[in-house]
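Here, residue 1 is the first one in the sequence, and each next residue gets the next number. Bear in mind the structure is a predicted one, so any value in this text is a computation, not a measurement.
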Amino acid sequence: MSHVHPSSIQTRFATLVFLLSWCASASAQQIDITVTGISAPKAALSMLSGETVTTVDSVGASAPGHFTYEMRKIFQSGFYRLSFDAKRWVDFVYDNEDVVLRTEAANIRDSMKVVTSEPNRVFNEFVRLSRDYKTKGELLSLVIARYPKDDPYHETTKGTLSTLQKTYSDFVARASQAKPGSFIARYIRSAQVPAVDAGMPPEKQLEYLKAHALDSVDFSDVDLVRSDLFTMKSIEYLTYHRNPQYPKELLEKEFNTAVDSILVRARVDADVYKHVTEYLLDGFKKFGFEGCIDYIIANYVVKDDLCLDEGSGTAIGKMVEQKKLFVPGTVLPAIALPDSTGRTIDLKALPGERCLVVFYSAACPHCRTMIPKLKELYDTRKTKATEVIAVALDNNRSEWLAFVREARASWHSVSDLLGWNSPLVDGYKIYATPTMVVVDKEMRMIAAPRTVDDAKEWFSR
């Protein structure tokens, strides 16, 4: 993208200083990690930010499985990783103190011993208590909700849950108040699991979590970007809106409600906002929630002119570019391409008040599912005010012609047979097929239907 936000420039400059000038600092804290059973001659030291792993240096082994490193003052507090290969690594917290860890290659996480480093001792205990609190708390709450209230076991279970909650809350209070300004204390304050009244019915508990689960998260603390805090709390909050019984469309609406709660809070800091937005976009892309991606791009990325790290050649980058392009009234590139007989079809010369342009590919499974449904709408249209032109992003003529014959559609099928190198791909910012857009006779954009159902209305006008 051509736009560069000032804060992005500052961030990149700071990163450059971080990577190039760390050796200038003489004062350092020592990282000493021993992994029994590791024979790697060196390991990669990386900084963690959500699910992003950025390598900052290489660390040689001073002895088999023994790695030492001096963390210069230029290194900021946060989560770091020492990776030995693609499957084995040690994650640790650096909070401007020496770190001495001992573990075994066969089971790095569970055999971890913190020899020196109060932040790592506190973090490991916090992770353990949080896991117990979540798993045991959910089971105990379920028993309390379903067990007869007049049975003594009901009160016993409530007492057990109360003890569990107190143990957890007491730990959070101690850990977050011991050194309140430290990185680990701020992390724990934001990462704590919210306490829910065991006497609440399950549906009320869920509503409470939707309303208050983000209350403790300090979205203004940009340092916490160097951890899993914001990504962890985002995915945790999304699970409160997940209902396996919902169809995808309704589930996307629920997720969009959660997105609003998260991103409105994240707006308080530009870097946190960018960090969380990129994580949500990437997550929804992995799981195929296109409606959520569209929602975030339209209501946050485009609206706030948010500059993401995604390059213009990536799928998310193209989505953002297309959303900015597909604004009603925008004049889109002309389409004049040869059909299956070689005759040039000019969209502007087609009859009708408007035209639905469908970008597809013969190799696209979704296109093969959608085209017959779209053809049925076209064949049964009430008026001829809307024409259709199908633009194939193919480069194999025989495969394209076979698809056209199979589809047996009476609309115009065209292609320059340049595939994804077609100028129209960049002109319309196409990042996936099928893509639909409705234009008028002057090539002014009217609408961008996402589904066949969205396109229905244009065949009844």
Side-chain angles (χ1 to χ4, degrees), residues 50 123 126-146 157-177 180 184-225 227-244 246 250-269 272-273 275-277 279-280 283-284 292 295-296 299-300:
F123 175 71
F126 176 69
V127 170
R128 185 189 68 78
L129 284 173
S130 296
R131 185 173 57 241
D132 285 352
Y133 183 51
K134 287 177 183 177
T135 55
K136 293 177 182 178
E138 286 176 5
L139 289 172
L140 290 168
S141 293
L142 190 62
V143 171
I144 292 168
R146 298 187 177 181
T157 307
K158 284 181 69 176
T160 303
L161 179 58
S162 178
T163 300
L164 182 69
Q165 289 177 331
K166 188 175 188 309
T167 300
Y168 182 78
S169 61
D170 286 351
F171 174 85
V172 169
R174 287 196 308 274
S176 61
Q177 292 171 14
I184 192 62
R186 286 146 49 206
Y187 175 89
I188 288 175
R189 277 199 297 273
S190 282
Q192 63 181 290
V193 179
V196 181
D197 184 354
M200 280 187 186
E203 64 277 6
K204 292 291 184 182
Q205 290 187 20
L206 184 59
E207 289 306 314
Y208 178 86
L209 288 170
K210 287 181 179 180
H212 299 287
L214 299 175
D215 288 356
S216 65
V217 182
D218 185 0
F219 284 95
S220 69
D221 192 343
V222 69
D223 290 346
L224 296 177
V225 166
S227 73
D228 65 351
L229 186 279
F230 296 116
T231 55
M232 174 188 69
K233 297 304 284 188
S234 294
I235 195 66
E236 179 184 281
Y237 190 69
L238 285 168
T239 60
Y240 300 142
H241 293 74
R242 181 180 175 275
N243 189 327
Y246 284 175
L250 189 53
L251 191 55
E252 285 182 333
K253 287 182 179 178
E254 280 292 306
F255 283 155
N256 288 342
T257 300
V259 162
D260 286 336
S261 295
I262 296 167
L263 291 184
V264 166
R265 287 172 170 83
R267 272 185 176 137
V268 70
D269 181 272
V272 172
Y273 186 26
H275 171 70
V276 176
T277 301
Y279 173 73
L280 291 173
F284 286 130
C292 295
Y295 185 82
I296 293 172
N299 293 280
Y300 296 96

Open item on the list: Looking at Leu263, is its backbone amide N or carbonyl O close enough to the side chain of Arg267 to form a donor-acceptor pair, meaning the two atoms are under 3.5 Å apart?
Closed with: no
Task: Spacing of CG belonging to Leu250 relative to CZ belonging to Phe255, to within rounding of 0.5 Å - done: 10.5 Å
Task: Non-hydrogen side-chain atoms of His212 and Pro194 separated by less than 4.5 Å - done: no
Task: Side-chain heavy atoms of Glu254 within contact of Lys210, under 4.5 Å - done: yes
Open item on the list: Could you check whether any side-chain N or O of Ser234 sits under 3.5 Å from a backbone N or O of Phe230, counting only pairs where one atom can act as donor and the other as acceptor?
Closed with: yes
Task: Salt-bridge contact Arg174-Asp170 (side-chain N to carboxylate O under 4.0 Å) - done: no
Open item on the list: Can you tell me how far apart CD1 (Ile262) and CG (Leu280) are? Round to the nearest 0.5 Å.
Closed with: 5.5 Å
TODO: Taking the side chain as every heavy atom from C-beta outward, state whether Tyr295 and Phe284 have any atom pair closer than 4.5 Å.
DONE: no
- [ ] Using a strict cut-off of less than 4.0 Å between a Lys/Arg side-chain nitrogen and an Asp/Glu carboxylate oxygen, indicate whether Lys233 and Glu236 qualify as a salt bridge.
- [x] yes
TODO: Find out whether Val272 and Leu224 are in side-chain contact, i.e. whether some heavy atom of one side chain is under 4.5 Å from a heavy atom of the other.
DONE: no
Task: Side-chain heavy atoms of Thr231 within contact of Asp228, under 4.5 Å - done: yes
- [ ] Check whether any side-chain N or O of Arg189 sits under 3.5 Å from a backbone N or O of Pro180 as a donor-acceptor pair, and report yes or no.
- [x] yes
Task: Salt bridge flag under 4.0 Å for residues Arg186 and Asp218 - done: no
- [ ] Applying side chain to side chain contact (heavy atoms under 4.5 Å, CB included), name anything that partners Ala175, two or more places apart in sequence or on another chain.
- [x] Val122, Phe171, Ile188
Open item on the list: Using modelled atom types and a 3.5 Å cut-off, is there a donor and acceptor pairing between side-chain atoms of Ser169 and backbone atoms of Lys166?
Closed with: yes
TODO: State, with a plain yes or no, whether a side-chain heavy atom of Asp260 is found less than 4.5 Å away from one of Tyr300.
DONE: yes
Open item on the list: Using a 3.5 Å distance criterion without hydrogens, assess whether the side chain of Tyr168 forms a donor-acceptor pair with backbone atoms of Val193.
Closed with: yes
